[in-house]
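Quick notes on the structure that follows.
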Amino acid sequence: MKKSILIVFSVLLLLGCNKSHYAAQQIAVAQPIMPIRMAGDTMHIVLTDYVPVLYGDTSYWQSMHWVTDPAIECLNTSGTAPVLREMDIVNRDRSLHNLTFYDNSGSFAIPILPAKPVRQALISLGYEEDKLRVGFYDAVNNPSFEAYIQNEIVNHDLWHAEEDGTWTLNISRITEDGLDFSGRTYLRIFAEDETFLYNDLLLPLQDGKIVTDAKQLNRHDPQAQVLYSILIDRFYNGNTANDWKMNSPEVLDIVDYQGGDLAGITAKISEGYFDQLGVNTLWISPITQNPWDAWGLYPFKNGNKYDSTKTYTKFSGYHGYWPIYATKLDDRFGTPAELHTLLDTAHAHGINVVLDYVANHMHINSPTLQAHPDWHTDSILPDGRRNFELWDEARLTTWFDKHIPTLDLEREEVCEAMTDSALYWLANYDLDGYRHDACKHIPEGYWRMLGQKIATRWPGRPIWMIGETYGSPELIGSYVKSGMLNAQFDFNVYFTAREALCGFKGMDEVMTNELTSLRTYGAHHTMGNISGNHDQIRFASIAGGAIDINTQGKEEGWTQEIGIGDAEKAYKRALLLEVLNMTLPGVPCIYQGDEYGEVGGNDPDNRHLMRFETLSLDERNLREKVAELIHLRRNSMPLLYGDFIPLIDRPDEIIYQRVYLGEKVTVIINRKDMTYQIINDK
């Protein structure tokens with residue numbers, strides 16, 4: 001066992017706000033703090049990214065101690081009220097360490113994970129008489145461990161090396177220090193040797209006992225979620241009294257309102273649609289008031305050139321992403337009473353509701369922008385170019401379109417207003433979290449401010465936030481921290497899986513991308529594993545060859561009737577994608593209609609009205625098999641919290657295991673034969 005020798009030096013940290021103190025003991029038993037993952041020997045961090053409650057006004061400064069061991073140096077520390085304490089951490093020996101804080105009430109620690117190659121080999125082997133047994137899938141030379149219950153370091157003396165090469169941890173003695181670890185808590189274990197950092201273990205506890213049965217879990221356990229994405233207007237019409245169409249010759253019907261509303265979602269919850277499917281978290285599209293008139297143009301394309309004299313259509317705001325007001329419910333989707341009813345009904349069925357929130361932009365006719373015309377970024381770059389759709393070159397300032405200016409969230413007053421607007425929905429409705437739009441186009445300061453406000457106002461409320469960022473794992477992961485976002489969608493795994501299942505890449509590349517994700521986000525992350533979304537070509541149409549995987553799919557969606565293509569390939573490959581999503585670490589996310597293999601090109605052709613009754617035999621069969629997979633996942637501790645062990649990765653086949661307390665689930669996916677096996681070995 002590694003025994004850290006500690007040195008102590010004093011620092012002042014601000015520990016409270018809103019007339020409440022966040023003592024070390026409170027933070028010790030709070031939700032687990034995500035570890036600091038070193039990218040090299042030196043890493044620059046902002047402390048509130050990890051512990052968002054360390055801020056407030058100067059009247060709440062308290063003297064604390066900051067503990068670290070000799071191999072760690074914290075350089076160039078800085079911070080003012082509110083605390084945004086930045087520092088350079090230097091990990092000279094590239095080993096497991098902690099940043100530990102304490103006052104006279106107790107202590108808490110942030111794990112520091114070294115920049116070492118990560119190896120997937122650590123597994124939980126059993127749990128008897130309050131003793132957890134762990135080991136490694138392969139031989140390991142002289143490993144050392146660091147364990148935490150929530151944010152309290154577990155005493156190294158509680159570990160015992162067994163003669164058979166395994167290790168045991170005495171769970172019953174962990175809570176003897178008097179901290180309250182009742183209810184749901186988590187045991188986290190990190191391990192290393194001289195060469196490797198190993199995958200971490202995450203074991204949920206109930207009143208100090210390790211959870212052994214998935215029936216002990218509930219909708220508030222993040223790893224136990226199965227997410228379902230709903231585009232409200234295209235889901236189900238539950239209240240015809242709020243139906244409204246533009247009925248304009250400028251607006252084709254496919255981009256006009258179709259009548260879906262909040263009452264329609266409530267109706268389908270009440271009918272048991274999601275219970276039968278097995279879904280326990282709904283992500284609903286934005287509900288803020290959108291414009292009543294038409295905007296945008298889709299130009300006619302002649303060869304490789306656009307003809308600006310011809311257009312296909314203008315658009316309504318049926319999708320919800322053009323907010324006029326940030327805190328008003330769109331009348332076409334329902335009333336506040338109907339939103340409350342939806343939430344009450346969902347919670348009665350054990351279902352979370354996560355709201356899509358747009359902070360990046362507002363509609364150009366928004367009264368907010370009319371009153372504050374300087375609140376948006378410049379649509380002209382310094383070199384004179386139009387700053388439109390420059391997703392990477394000008395990602396923090398670029399406009400998505402001429403009528404939706406990007407807000408200048410680097411200005412404090414704009415950031416304050418938009419974070420307060422986000423809090424409005426949590427304060428007035430019993431929502432369970434957010435799906436955040438266009439995260440990479442929003443500065444980090446916004447996410448810090450939002451995370452701090454939520455953590456201080458609702459410290460015990462389970463609020464799960466997932467973001468949307470297209471980019472490298474490093475960029476995506478930069479937002480996934482305790483003080484910012486819980487997760488993001490793992491588009492890199494999705495795009496690779498989509499190509500591999502259709503024969504354009506090898507399945508071994510899926511494994512490579514998955515291991516990159518585990519290394520970047522952690523072995524038990526809650527990143528979203530998607531079947532598709534409202535911005536992507538429908539996977540079933542790609543899988544069946546009805547549309548080229550290399551196209552953007554927009555032009556085809558306007559000019560072609562895109563169907564299923566080769567039905568056998570389409571439905572088998574669609575099922576294999578769901579097998580991946582339901583058996584990999586992370587949170588599976590189904591875009592409405594993907595459970596039965598809806599077809600289509602890109603936006604808006606991927607936003608057909610949801611169908612419930614008029615399904616073909618193939619579609620019904622796919623939906624039934626997807627439901628079976630969801631129920632299998634939700635009833636399997638290995639698939640929810642199991643350690644991921646890669647076994648075989650070939651161009652046509654991958655095999656991996658999920659292991660939890662010795663129970664193994666082996667997954668075999670063969671893309672050539674379009675077959676799979678899920679084998680449970682208890």
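Each residue takes its place number in the sequence, starting with 1. All of these numbers come straight from a predicted model, not from anything done at the bench.
- Side-chain contact check for D490 and S517: at least one donor-acceptor pair (N or O, by modelled atom type) lies under 3.5 Å.
- Donor-acceptor pairing under 3.5 Å is recorded for the side chains of D275 and H349.
- Under the side-chain hydrogen bond (donor to acceptor under 3.5 Å, both in side chains) criterion, T520 pairs with no residue at all, not counting sequence neighbours.
- A salt bridge links D330 to R332: at least one charged side-chain nitrogen sits closer than 4.0 Å to a carboxylate oxygen.
- Every side-chain contact (heavy atoms from CB on, under 4.5 Å) that L632 has, sequence neighbours left out, goes to L639, I678.
- Under a cut-off of 6.0 angstrom, the local environment of NZ in K569 is sparse, with at most 12 non-hydrogen atoms contributed by other residues, nucleotides or ligands.
- Under the 4.5 Å side-chain criterion, counting only non-hydrogen atoms from C-beta, L485 is in contact with W447.
- Panel note: side chain N581, backbone P588; no donor-acceptor pair is recorded below 3.5 Å.
- R633 places a side-chain heavy atom less than 4.5 Å from the side chain of L640.
- Salt-bridge formation is not detected for the pair D605/R538: no Lys NZ or Arg NE/NH1/NH2 atom is positioned less than 4.0 Å from an Asp or Glu carboxylate oxygen.
- Using a cutoff of 4.0 Å between basic side-chain nitrogens and carboxylate oxygens, E271 and K268 are scored as salt-bridged.
- Between H441 and W391, the gap from one ring centroid to the other is short of 6.0 Å.
- Remark: K328 engages D331 in a salt bridge, criterion side-chain N to carboxylate O under 4.0 Å.
- Between Y434 and H436, the ring-plane angle classifies as tilted under the 30° and 60° cut-offs.
- Not counting sequence neighbours, the partners of Q536 by the side-chain hydrogen bond (donor to acceptor under 3.5 Å, both in side chains) test are Y470.
- Between R650 and D508 there is no salt bridge, since none of the side-chain N atoms of the basic residue sits less than 4.0 Å from a carboxylate O of the acidic one.
- Residues forming a side-chain hydrogen bond (donor to acceptor under 3.5 Å, both in side chains) with T551 (at least two apart in sequence, or on another chain): E556.
- Listed by chain and residue number, nothing satisfies the side-chain hydrogen bond (donor to acceptor under 3.5 Å, both in side chains) test with N529 (two or more places apart in sequence, or in another chain).
- Salt-bridge check for E598 with R611: passed, with a basic side-chain N closer than 4.0 Å to an acidic carboxylate O.
- Applying the salt bridge (charged side-chain N to carboxylate O under 4.0 Å, His left out) test to R219 and every residue at least two apart in sequence or in another chain returns D432.
- In this structure a side-chain-to-backbone donor-acceptor pair under 3.5 Å is present from R234 to R607.
- At least one side-chain heavy atom of L277 sits less than 4.5 Å from a side-chain heavy atom of Y228.
- The environment of CD in Q560 is crowded: more than 12 heavy-atom neighbours from other residues, nucleotides or ligands sit within 6.0 Å.
- For the 3.5 Å distance criterion, the side chains of D243 and N237 qualify, holding a donor opposite an acceptor.
- Around the NZ atom of K505, the shell of radius 6.0 Å holds more than 12 heavy atoms that belong to other residues, nucleotides or ligands.
- A salt bridge does not link R623 to E619: none of the charged side-chain nitrogens sits closer than 4.0 Å to a carboxylate oxygen.
- Below 30°, between 30° and 60°, or above 60°: for Y429 and W425 the angle between ring planes is below 30°, a parallel geometry.
- Taking CG of D256 as the reference point, atom CG of N247 lies at 6.0 Å (rounded to 0.5 Å).
- The existence of a salt bridge linking R620 and D618 is excluded, since no basic side-chain nitrogen approaches an acidic carboxylate oxygen closer than 4.0 Å.
- Ring to ring, F612 and Y596 are not that close: their centroids are 6.0 angstrom or more apart.
- Of the candidates Y321, W295, F315, F388, H403 forms a ring-ring contact (aromatic ring centres under 6.0 Å, His included) with just one, namely W295.
- I269 is listed as a side-chain neighbour of L282, based on a closest heavy-atom distance under 4.5 Å.
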